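What's counted below: heavy atoms across the whole structure, side chains too, no hydrogens, waters or symmetry copies. Everything numeric here is computed off the predicted structure, so don't read it as measured data.
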Amino acid sequence: MRLLLAGASVMLMLGGCRGTPAEPAVEPPPVGVRAAPVIAAGQAEPLRFAGLARARQRASLTFQVGGTLATRPLTIGQRVQAGEVLATLYNPQLAPARDAAKARLTELQVQAAQARRDLARTEQLFQRGVLSQADLEQHKARLQGLDAAVRSAGASLQQSEQLHSETRLRAPFDGTIDALLVEAGEYVAAGQPVVQLAAGDGLEVEVMVPAELLQGLEAGMVVPVWASLGQTQWQGRVAEIGRGAGYGSALYPLVISLDGQGRAGDALEVGLQRRSDAQLGVPLAAVMRSAQGLSVFRLEQGFARRVPIQVSGFAGELAMLREGDLRVGDQVVYAGLGRLADGDAVELLP
């Protein structure tokens, strides 16, 4: 009897289990992530190089002789005309040297004139047979020597007058005074810069860049230019491309014409695009490293799919990729990667 009751109890328990429905499996919640689009390499932020705006036509003016700066009636920013005297120099040796050269020339001219008259009388006496051929040739040689001395003295006088005129510093073109480098009363050596003059017909900026960024650049190409203060963006044109690195540097000079934008002395930044075989750009934060190599998570209809990539370089905050499975416009995850696995459902956060 006890065995029958125990069997009946087991059968009732089994029947009760069959009648209870099974609970459904709970789906994990989607992972919250942030994503950014894959961009073309040409849309990557260009590298920026700093420089100062300067006048396209400029000159550091110097005296060709040494002396004391006598006058310099100028102020910074003053407009001057071509040929205008900007400064004068005092050299106590120049005026006496010019006067001595002038006196020497006059003396020789007088002697040559007298020798010419003597030669004329000698020729008359020679024709009469009073003087010999040797006397005639002697007078001719004396006149030739004096004529040569007159020419030499004339050249010396011209040189002295030219040196004396170098005591007046004149503007070679219309422009504005950019800098005054010497004060009145100071000694100025020959060739020492005294005044910096800049024309107002255009500006340019010179930057030093690596050689690899010069590849593909040509004169006249348009490049972006930013003002360092205010980030105002302009357009510049390539004017000159350096073909040799500066002394002690591995960088090459690049001159950009600004076509009158900005002011001389403004701090500027020139943007240059890196030339490479990269076709696409993704945020650096989106790139993951694993035993299988580098990869990113691409969003596909609400799910994250792992896509292998090949990085060819970097540009700012971007990793530059060679062609692969990614396309321009694909969304790749750059935030929330730590909680994400291949195939997970995702929720795109703002």
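The neighbour count for Gln78 CD, taken as heavy atoms of other residues, nucleotides or ligands under 6.0 Å away, is above 12. Residue-environment remark: CD (Gln310) stays at or below the threshold of 12 foreign heavy atoms within 6.0 Å.
Using modelled atom types, one side-chain atom of Arg170 and one backbone atom of Gly83 make a donor-acceptor pair closer than 3.5 Å. For the pair Ser152 (side chain) and Ala148 (backbone), a donor-acceptor distance under 3.5 Å is absent. The main-chain N or O of Gln162 is found under 3.5 Å from a side-chain atom of Ser165 such that the two form a donor-acceptor pair. Counting only distance, with no hydrogens or angles, the side chain of Asp325 and the backbone of Pro308 share no donor-acceptor pair below 3.5 Å. A donor-acceptor contact shorter than 3.5 Å links the side chain of Arg237 to the backbone of Gly220.
Between Val287 and the choices Leu321, Leu294, Val332, Leu337, the side chain to side chain contact (heavy atoms under 4.5 Å, CB included) rule is met once, by Leu294. Glu204 pairs in a side chain to side chain donor-acceptor pair (under 3.5 Å) with only one of the listed residues (Arg54, Gln57, Arg56), which is Arg54.
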N/O donor-acceptor pairs under 3.5 Å from side chains in residues 339-350, not counting sequence neighbours:
residue	atom	partner	partner atom	Å
Arg339	NH2	Gly32	O	2.9
Asp342	OD1	Arg306	N	3.0
Asp344	OD2	Ala341	N	2.8

Without placing hydrogens or testing angles, list every side-chain donor-acceptor pair under 3.5 Å for residues 175-189, not counting sequence neighbours.
residue	atom	partner	partner atom	Å
Thr176	OG1	Arg79	NH1	3.1

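Between the side chains of Gln114 and Arg117, at least one donor-acceptor pair of N or O atoms lies under 3.5 Å.
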